[in-house]
Number of protein chains: 2
Amino acid sequence: MSPPRFFVPNFPREPGGQLDAAESKHAMQVLRLKVGQLIEVFDGAGLSAQARIASIDNKHVSFEVLEILSNGPPHGVSLEMAVALPRGDRQKILVDTLCQLGVTRLQPLSCDRSVAEATANAIERLNRQVLETCKQCRRNELMIVESPVTVNELVRMDSVKRRIRLLAHPYGDVPELFDVLCRRDGTDVQQILMAVGPEGGFTDDEVFRLVSAGWQQVSLGPRILRVETAASALAAIALAVSNSSRASGGNIIE
Amino acid sequence: MSPPRFFVPNFPREPGGQLDAAESKHAMQVLRLKVGQLIEVFDGAGLSAQARIASIDNKHVSFEVLEILSNGPPHGVSLEMAVALPRGDRQKILVDTLCQLGVTRLQPLSCDRSVAEATANAIERLNRQVLETCKQCRRNELMIVESPVTVNELVRMDSVKRRIRLLAHPYGDVPELFDVLCRRDGTDVQQILMAVGPEGGFTDDEVFRLVSAGWQQVSLGPRILRVETAASALAAIALAVSNSSRASGGNIIE
């Protein structure tokens, strides 16, 4: 079994540091760790290390760093998803799944047909879920869950050059995501921004604004997918294509 | 809004038929449908039709078929997943997601490290979930959830010729799923069988049995994915490659 992982923002590479109150409590009371046991610590920005518990007092666990395991994010692919949040527990499933898959950033989207408001409390809860997921799936850099924006704001704030911008809106004669990603100049697929609308879909007006700003519609096939299923499937496919393209140094299709 | 969908096994193409007791109750008491309203019916084998409610008596809703919408499964791709079921609600998420994505058949797998037993009750509950998902996502052919098998039984029962058999086991120098699917003769990717192990992974012995029988190991990247996340991501990627290959009539990569 791999050692348990703890989130320690800004931990020094040597000689070590201290778990915060919540992480210390988890280590002592739930996992019942003792002095000398191995743990892993990660800073949420790509740094992780093997460490050993050096001391335990009433409230805090201190550790010494043994070996740096990872110095930064694993690859150069950037995948940002702008998603109209689903209701209730499905928000948590969405965040958990996208974080495991390797999505860089999640931008909650307030749409005309949105069913859930991304309140400050909700965003905070989702960022806590990200931490849990990072501990489980051994991801060292946090997936950032941003404050919500409208489609208009999304169009205005997107200023990254040469980024592929796609919206999942499978109405009309729309190509499948995979074909769109494979049939363009492969060097482009390292920077992707994808938008997924609410259950009822984007309104015509929202689609018009996005398409007018250069976004391209993509489909995922004939079925109606739940928001979190669509977002996860899009992310899995896009990351597979991006990582493969990056590994091969360019184009996927000749 | 699309009309509500009802499952009617073996419905006649004309003139119409009757919803069973449970579907009738749902139509009358939950959706409060009336005579004359439009519905959709599907038979779970690929046939679907637009229909109109012709009569409602105490216990049953009868309908007349107006137009056949779909005559069979949407494409020739066959993706079967053999998965060690996760615990509790995550079983339901697994089935719901794989069904939406278009997986043909789900084969629960009893592994040495399995955490959940696929009892007859569990299988029945999962097949009920399939029905719910098919109604929601407009899928017309059911995803079959089979009775569980062991890895040994899986190896023995797999007799489909020329099918790609893959196991998610990302240890050692294992290629990513996407690269494996893209780098082989494209005509093969219409028939895929993929196995996903339990949380602790397949045992060495299970991997040996599968690899000895011609199965190929694939990876999904550096992170540790939950069973249902791994299965869904594998399915999304495999179906994207298969459908694209089928649409283009053969190879994806020259």
### For B:V77 against B:T104, the heavy-atom pair lying closest together
O-OG1, 4.0 Å
### Task
Looking only at non-hydrogen atoms, find the nearest pair between B:S219 and B:V174 and report the distance.
N-CG1, 3.5 Å
### Message
Counting neighbours of CZ on A:R87 that are heavy atoms of other residues, nucleotides or ligands and sit closer than 6.0 Å, is the number greater than 12?
### Response
no
### Task
Kindly check if the number of other-residue, nucleotide or ligand heavy atoms within 6.0 Å of CG (B:D89) is above 12?
no
### Task
For residues A:R138 and A:F42, determine if any side-chain heavy atom of one lies less than 4.5 Å from a side-chain heavy atom of the other.
no
### Message
Using heavy-atom distances under 4.5 Å, tell me whether B:D96 contacts chain A through its side chain, its backbone, both, or neither.
### Response
side chain
### Task
Give me the ring orientation class for A:F202 and A:H169: parallel if the planes are under 30° apart, tilted from 30 to 60°, perpendicular past 60°.
tilted
### Message
Salt bridge check, B:K92 against B:E132: does any charged N sit closer than 4.0 Å to a carboxylate O?
### Response
no
### Message
So that I can tick it off, tell me whether B:E80 and B:R163 are bridged by a salt bridge, with the cut-off set at under 4.0 angstrom between side-chain N and carboxylate O.
### Response
yes
### Query
Among B:I93, B:N140, B:L101, who wins on heavy-atom pairs under 4.5 Å with chain A?
B:L101
### Summary
Max heavy-atom pairs within cutoff under 4.5 Å with chain B, candidates A:C137, A:G221, A:A240, goes to A:C137
#### Entry: Region of A:C134 in contact with chain B, defined by heavy-atom distances below 4.5 Å
neither
### Query
So which bits of residues 225-235 of chain B come within less than 4.5 Å of chain A, counting non-hydrogen atoms only?
B:L225, B:R226, B:T229, B:A233
